[in-house]
Amino acid sequence: MPKEYRTIREVAGPLMLVQGVEDVAFDELAEIELASGEKRRCRVLEIDGGNALVQLFESSTGINLASSKVRFLGRSMELGVSEDMLSRVFDGLGRPIDKGPDILPEQRLDINGLPMNPAARNYPQEFIQTGVSAIDGLNTLVRGQKLPIFSASGLPHANLAAQIARQAKVRGTTEPFAVVFAAMGITFEEANFFTESFRETGAIDRTVMFVNLANDPAIERISTPRMALTAAEYLAFEKDMHVLVILTDITNYADSLREVSAARKEVPGRRGYPGYMYTDLASLYERAGRKKGKAGSITMIPILTMPEDDKTHPIPDLTGYITEGQIILSRELHRQGVEPPVDVLPSLSRLKDKGIGEGKTRKDHANTMNQIFAAYARGKEAKELMVVLGEAALTDIDKLYAGFSDAFEKEYVSQGYDTNRDIEDTLNLGWKLLNMLPRAELKRIKDELLDEFYGKGD
């Protein structure tokens, strides 16, 4: 039976000081019982001799220091996992919020997980089809990869996240595919949008959702992605599933980290964020990957809104160091009505070369990808020149490239949020656009591929 303490000395915001404790460990779970019998969960943040600094998961309102008691449970925070989690919606602490029954767990797992030994990792190399041309064709997602989406406030990253969650699949395999979706600090409307979107399309059947709303406590927001990744690790490494984890919005998570750090009176780092934010984000992102000897895998798409559209802000900056590339959304494309507004030139998937080519996508994929990048970049330059000097200053070939650039944004990138394109459709569309340019301009494509694909119908 856990020992009870009635020695709460101070409550400040989400923090509580308990004195005279024995055998209490860092990160241990505790329970505070109010005079009314109501119980609230908390965890140990710091130990100093017989003093324990405890952080509440719920509000500290109504805690009477004299009549409340604390029990330390002797374990860290755990999530009860089972395959019945699929198609269910949970809050940030792993409690069902979809009016369904409680989960009967097969196992109880520590939400902090275990770091994956680098020597036990398999290299990510299988193509994941998201059905979004700007990702599949040009910034390919590979199984086991961490590929963040850098967005900004007001841009439709929620629509893109929902589209990827609905459409993503590993081609050429019968192994089960699951999506674990964790939303942190979002509004009720956004939460409703995601759940309804998944229910309408039937994607909810293969999805586990964790939803932390903007009015939920900051400390719950810190546990939400860990809950989601624990569920993902169970499905991937115990049940051999391909799991896609979507975390939105990492910016809200980092702001909660800063809030808790400030409450603990820690010395702030860049922009007031704690100095250990890099380590903390790495402890989340590095839980993705493939393990040797295991059929399952975890692929991760963290989504973050860049404060003031600033790529050098600590959150996108540190995320870029830890992950393998980024998909960047553009405010300018959004204004032009391009949906999704993916800015392909600064976007990058560092592992794309490993997941494309014959036997994975198609033999012409790498060549056409490089050619489209080059042609689009030249077209953008031609359009900028046109703005400064007028159309008369452009050569005929520059005008062709400018036309290619417009058609590329309108037809290739802008596909809407309900269109699911196979990789063949994406590659064929790429060839259709490249047909706008003379064959002599396509210097990045091998002659045998040009003979086979160039100028053939659409």
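Numbers here simply count residues along the sequence, with the first being 1.
Panel note: side chain Glu28, backbone Ala25; a donor-acceptor pair is recorded below 3.5 Å. Judged by distance alone, the side chain of Thr251 and the main-chain N or O of Thr305 form a donor-acceptor pair under 3.5 Å. Remark: side-chain polar atoms of Lys146 are not paired, donor with acceptor, to backbone N or O of Pro302 under 3.5 angstrom. For Ser349 (side chain) and Thr140 (main-chain N/O), a donor-acceptor pair under 3.5 Å exists by modelled atom type.
For the side-chain hydrogen bond (donor to acceptor under 3.5 Å, both in side chains) test, no residue two or more places apart in sequence or in another chain qualifies with Arg444. Partners of Arg166 according to the salt bridge (charged side-chain N to carboxylate O under 4.0 Å, His left out) rule, which considers only residues two or more places apart in sequence or in another chain, are Asp418. Partners of Asp91 under the salt bridge (charged side-chain N to carboxylate O under 4.0 Å, His left out) rule, at least two apart in sequence or in another chain, are Arg95. Looking at residues two or more places apart in sequence or on another chain, you find no ring-ring contact (aromatic ring centres under 6.0 Å, His included) involving His334. Asp425 pairs by the side-chain contact (heavy atoms from CB on, under 4.5 Å) definition with Arg421, Asp422, not counting sequence neighbours. In terms of the ring-ring contact (aromatic ring centres under 6.0 Å, His included) criterion, Phe57 has no residue partners (sequence neighbours excluded). For Tyr401, the ring-ring contact (aromatic ring centres under 6.0 Å, His included) test picks out no residue, with sequence neighbours left out. Partners of Glu238 by side-chain hydrogen bond (donor to acceptor under 3.5 Å, both in side chains), not counting sequence neighbours: none found. The salt bridge (charged side-chain N to carboxylate O under 4.0 Å, His left out) test applied to Arg143 returns Glu126, not counting sequence neighbours. Legend: residues meeting salt bridge (charged side-chain N to carboxylate O under 4.0 Å, His left out) with Arg171, ordered by chain and number and at least two apart, are Glu424. Not counting sequence neighbours, the partners of Arg40 by the side-chain hydrogen bond (donor to acceptor under 3.5 Å, both in side chains) test are Glu38.
Scanning all heavy atoms of the two residues, the minimum distance from Ala191 to Leu213 falls at CB-CD2, 3.7 Å. For the pair Ser82 and Ile103, the tightest heavy-atom approach, listed with the atom from each and the gap, is OG-CG2, 3.9 Å. Residues Ala178 and Met241 share a closest heavy-atom pair of CB-SD, 3.8 Å. Heavy atoms only, all atoms of each residue included: Val260 and Gln55 are closest at CG1-NE2, 2.7 Å. For Gly355 against Thr361, the heavy-atom pair with the smallest separation is O-CG2, 3.9 Å. Smallest separation of non-hydrogen atoms from Gly320 and Arg350: O-NH1, 3.7 Å.
You'll find the side chain of Thr299 stays beyond 4.5 Å of the side chain of Val245, heavy atoms only. The closest side-chain heavy-atom distance from Leu93 to Ser223 is below 4.5 Å. Residues Leu86 and Thr207 fail the side-chain proximity criterion, which asks for heavy atoms closer than 4.5 Å. The shortest distance between side-chain heavy atoms of Asn215 and Phe188 does not fall below 4.5 Å. In this structure, the side chains of Asp249 and Ile303 stay at 4.5 Å or more apart for every pair of heavy atoms. When side chains are defined from C-beta on, Leu229 counts as touching Met300, because their heavy atoms get closer than 4.5 Å. A 4.5 Å side-chain heavy-atom check between Ile149 and Leu160 finds at least one atom pair inside the cut-off. Proximity of Val54 to Glu46: side-chain heavy atoms (C-beta onward) are nowhere separated by under 4.5 Å.
Under the 4.0 Å criterion applied to side-chain N and carboxylate O atoms, Arg75 and Asp110 are not assigned as salt-bridge partners. We find that Lys311 and Asp317 are not joined by a salt bridge, their nearest charged nitrogen and carboxylate oxygen being 4.0 Å or further apart. Note on Arg271 versus Asp310: salt bridge recorded, some NZ/NE/NH1/NH2 to OD/OE distance being below 4.0 Å. Between Glu220 and Arg41 there is no salt bridge, since no side-chain N of the basic residue sits under 4.0 Å from a carboxylate O of the acidic one. Taking the charged nitrogens against the carboxylate oxygens, Arg221 and Asp216 have no contact shorter than 4.0 Å, which rules out a salt bridge.
In the displayed structure, Tyr276 atom OH is contacted under 6.0 Å by more than 12 heavy atoms of other residues, nucleotides or ligands. By the neighbour-count criterion of 12 heavy atoms within 6.0 Å, atom NZ of Lys169 is sparsely surrounded, having that number or fewer from other residues, nucleotides or ligands. A 6.0 Å sphere centred on NZ of Lys399 holds more than 12 heavy atoms belonging to other residues, nucleotides or ligands. Counting non-hydrogen atoms of other residues, nucleotides and ligands closer than 6.0 Å to NZ of Lys265 gives a total of 12 or fewer.
At a cut-off of 3.5 Å, with distance as the only test, no side-chain donor of Glu83 or Tyr234 sits close to an acceptor on the other residue. In summary, the side chains of Ser405 and Arg378 do not present any donor paired with an acceptor at a separation below 3.5 Å, with no hydrogens or angles considered. Neither side chain, Asn139 nor Ser347, offers a donor N or O lying under 3.5 Å from an acceptor on the other. Thr130 and Asp136 share a donor-acceptor pair across their side chains, judged by distance under 3.5 Å alone. Looking at Asn212 and Tyr253, their side chains never bring a donor and an acceptor atom within 3.5 Å of each other. Donor-acceptor pairing under 3.5 Å is lacking for the side chains of Glu339 and Ser414. For Thr426 and Tyr412, the side-chain atoms include no donor-acceptor pair closer than 3.5 Å.
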Worksheet item: Which is it for Ile204 and Phe194 under the side-chain contact (heavy atoms from CB on, under 4.5 Å) test, yes or no, and what are the steps along the way?
Response: CA-CA 10 Å; Ile204 190 81; Phe194 285 122; over 6 Å; no
Item to complete: Take Glu286 and Arg121 through the salt bridge (charged side-chain N to carboxylate O under 4.0 Å, His left out) test and state the conclusion after the steps.
Response: CA-CA 11 Å; Glu286 292 298 347; Arg121 285 179 179 267; 3.4 Å; yes
Worksheet item: How far apart are the C-alpha atoms of Asp240 and Lys294, what are their side-chain angles, what is the distance that settles it, and do they pass the salt bridge (charged side-chain N to carboxylate O under 4.0 Å, His left out) test?
Response: CA-CA 7 Å; Asp240 294 339; Lys294 301 278 187 184; over 6 Å; no
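If you run side chain to side chain contact (heavy atoms under 4.5 Å, CB included) between Phe150 and each of Thr319, Ile315, Asp343, only Thr319 comes through. Only one option out of Glu409, Glu381, Gln371 pairs with Tyr376 in a side-chain hydrogen bond (donor to acceptor under 3.5 Å, both in side chains); it is Glu409.
Taking CZ of Arg362 as the start and CZ of Phe127 as the end, the distance is 11.5 Å to the nearest 0.5 Å.
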Expected list for residues 180-187: side-chain donor-acceptor pairs under 3.5 angstrom, two or more places apart:
from	atom 1	to	atom 2	distance (Å)
Thr187	OG1	Glu190	N	3.2
Thr187	OG1	Glu190	OE1	3.4

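Between Phe177 and His242, the ring-plane angle classifies as tilted under the 30° and 60° cut-offs.
Cation-pi check for Lys291 over Phe237 is met; the charged atom lies under 6.0 angstrom from the ring centroid and within 45 degrees of its normal.
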